[in-house]
Amino acid sequence: MNRIIARLAFVFSLLAMVSCENDMNAIMNLDKSTTAVEEGKDIESMYSQTGRVKAKLTAPVMLRHLKPPVYVEFSKGLKVLFYNDSLNVESTLTARYGKYFENDANIFLKDHVVVINKKGERLDCEELNWDSKLQKFLSNKPVRISTVTDTLYGTGLESNQDFSDYTILHPSGPFTIQDSTMAQ
């Protein structure tokens with residue numbers, strides 16, 4: 001009986017050694033694929049330029065993809081507060097999804113993008129891009145801007161960072177034009 005148990009143990013150990021193959025390339029590739037993404041939770045990041053705080057970003061999750069092109073993804077949304085030189089909030093930006101491309105410092109936002117400036121004007125759109133070379137927000141999608149007196153609609157937008165100076169590229173719908181001859 002002991003001999004049978006010994007033989008079975010020997011057979012199982014042989015099977016175990018044959019079935020376990022340590023392919024170093026497979027292990028290295030597995031290690032690379034699992035480390036190709038860094039994850040952060042409850043993110044709070046300050047952005048400064050020339051020694052001055054310009055913006056504060058908060059996000060529940062941040063994924064930094066390390067394979068080229070390197071980018072940071074905010075898959076569960078983000079909020080950015082933009083500050084003036086006195087650290088007063090100039091505008092806020094929220095989106096349900098964002099992607100920051102590290103090589104060119106451009107940003108892609110989508111899924112219910114909202115920007116509100118200090119005058120209370122509100123931009124709603126589905127996609128918005130930040131072009132770091134132009135230092136402008138751009139969109140080629142439908143946009144809606146709500147002001148104190150009007151709601152403006154159109155397709156395409158160019159705006160500065162704090163959303164104080166914007167242009168709807170192809171306006172549509174009704175809008176009010178003030179008669180300059182009546183303001184005398």
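Predicted model, so just to flag it, every value in this text is computed and none were measured. Position 1 is the first residue of the sequence; numbering continues from there.
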**OP:** Kindly indicate whether the side chain of R52, heavy atoms from C-beta on, has any atom under 4.5 Å from the side chain of D85.
**Re:** yes
**OP:** Would you kindly confirm whether I43 and I107 end up in one hydrophobic cluster when ILVMFWY residues are joined by side chain heavy atoms under 4.5 Å apart?
**Re:** yes
Original post:
How long is the span from the CG atom in D165 to the OG atom in S159, to the nearest 0.5 Å?
Top reply: 7.0 Å
Original post:
Are L123 and R144 side-chain neighbours, meaning at least one heavy-atom pair lies under 4.5 Å?
Top reply: no
Original post:
Do the side chains of V61 and V37 join up, straight or via other hydrophobic residues, at under 4.5 Å, putting them in one cluster?
Top reply: yes
**OP:** Begin from the C-alpha positions of S86 and N88 and carry the test side chain to side chain donor-acceptor pair (under 3.5 Å) through to its verdict.
**Re:** CA-CA 5 Å; S86 302; N88 294 320; 4.6 Å; no
Original post:
Any side-chain heavy-atom pair from L157 and I145 closer than 4.5 angstrom?
Top reply: yes
Original post:
What heavy-atom pair brings R122 and I116 nearest, and what distance separates the two atoms?
Top reply: CG-CG1, 4.0 Å
**OP:** Return yes if some donor-acceptor pair links the side-chain N/O of T147 with the main-chain N/O of D150 below 3.5 Å, else return no.
**Re:** yes
Original post:
What's the spacing between E121 CD and L152 CG if we round to 0.5 Å?
Top reply: 8.5 Å
Original post:
Are the side chains of S139 and N129 in touch, meaning some heavy atoms are under 4.5 Å apart?
Top reply: no
**OP:** Report whether M62 and L57 are members of the same hydrophobic cluster (ILVMFWY, side-chain heavy atoms less than 4.5 Å apart, transitive linking).
**Re:** yes
**OP:** Write down the atom of V148, the atom of K119, and the distance for their closest heavy-atom approach.
**Re:** CG2-O, 4.3 Å
Original post:
Are any non-hydrogen side-chain atoms of H65 and V70 less than 4.5 angstrom apart?
Top reply: no
Original post:
Do Y71 and L66 belong to the same hydrophobic cluster, where Ile, Leu, Val, Met, Phe, Trp and Tyr are linked whenever their side-chain heavy atoms lie under 4.5 Å apart, directly or via other members?
Top reply: no
Subject >> Closest approach of V143 to C125 (non-hydrogen atoms, all atoms of both residues) >> reply: CG1-CB, 3.8 Å
Subject >> SB check E73 K99 (cutoff 4.0 Å) >> reply: no
Original post:
Between N117 and F163, is there a donor-acceptor pair closer than 3.5 Å when you use the side chain of the first and the backbone of the second?
Top reply: yes
**OP:** Calculate, to the nearest 0.5 Å, the distance between atoms NZ and CG belonging to K54 and L81 respectively.
**Re:** 15.0 Å
Original post:
Going by the ring pair (Phe, Tyr, Trp, His ring centres under 6.0 Å) test, which pairs reach into residues 82-132, not counting sequence neighbours?
Top reply: W130-F137
**OP:** Taking atom types as modelled, find out whether D162 and N160 have a side-chain donor-acceptor pair closer than 3.5 angstrom.
**Re:** yes
Original post:
Is it true that D131 and K136 make a salt bridge, defined as a side-chain N closer than 4.0 Å to a carboxylate O?
Top reply: no
**OP:** Output the distance between atom CD (E127) and atom CG (L109), rounded to the nearest 0.5 Å.
**Re:** 9.5 Å
**OP:** Considering only NZ, NE, NH1 and NH2 on the basic side and carboxylate oxygens on the acidic side, decide whether R64 and E39 come within less than 4.0 Å.
**Re:** no
Original post:
Does one hydrophobic cluster hold both L78 and Y47, with members joined at side-chain heavy-atom distances below 4.5 Å?
Top reply: no
Original post:
How far apart are the closest heavy atoms of A105 and S132, and which atoms are they?
Top reply: O-CB, 3.5 Å
Original post:
Are E90 and K118 ion-paired here, with the side-chain N under 4.0 Å from a carboxylate O?
Top reply: yes
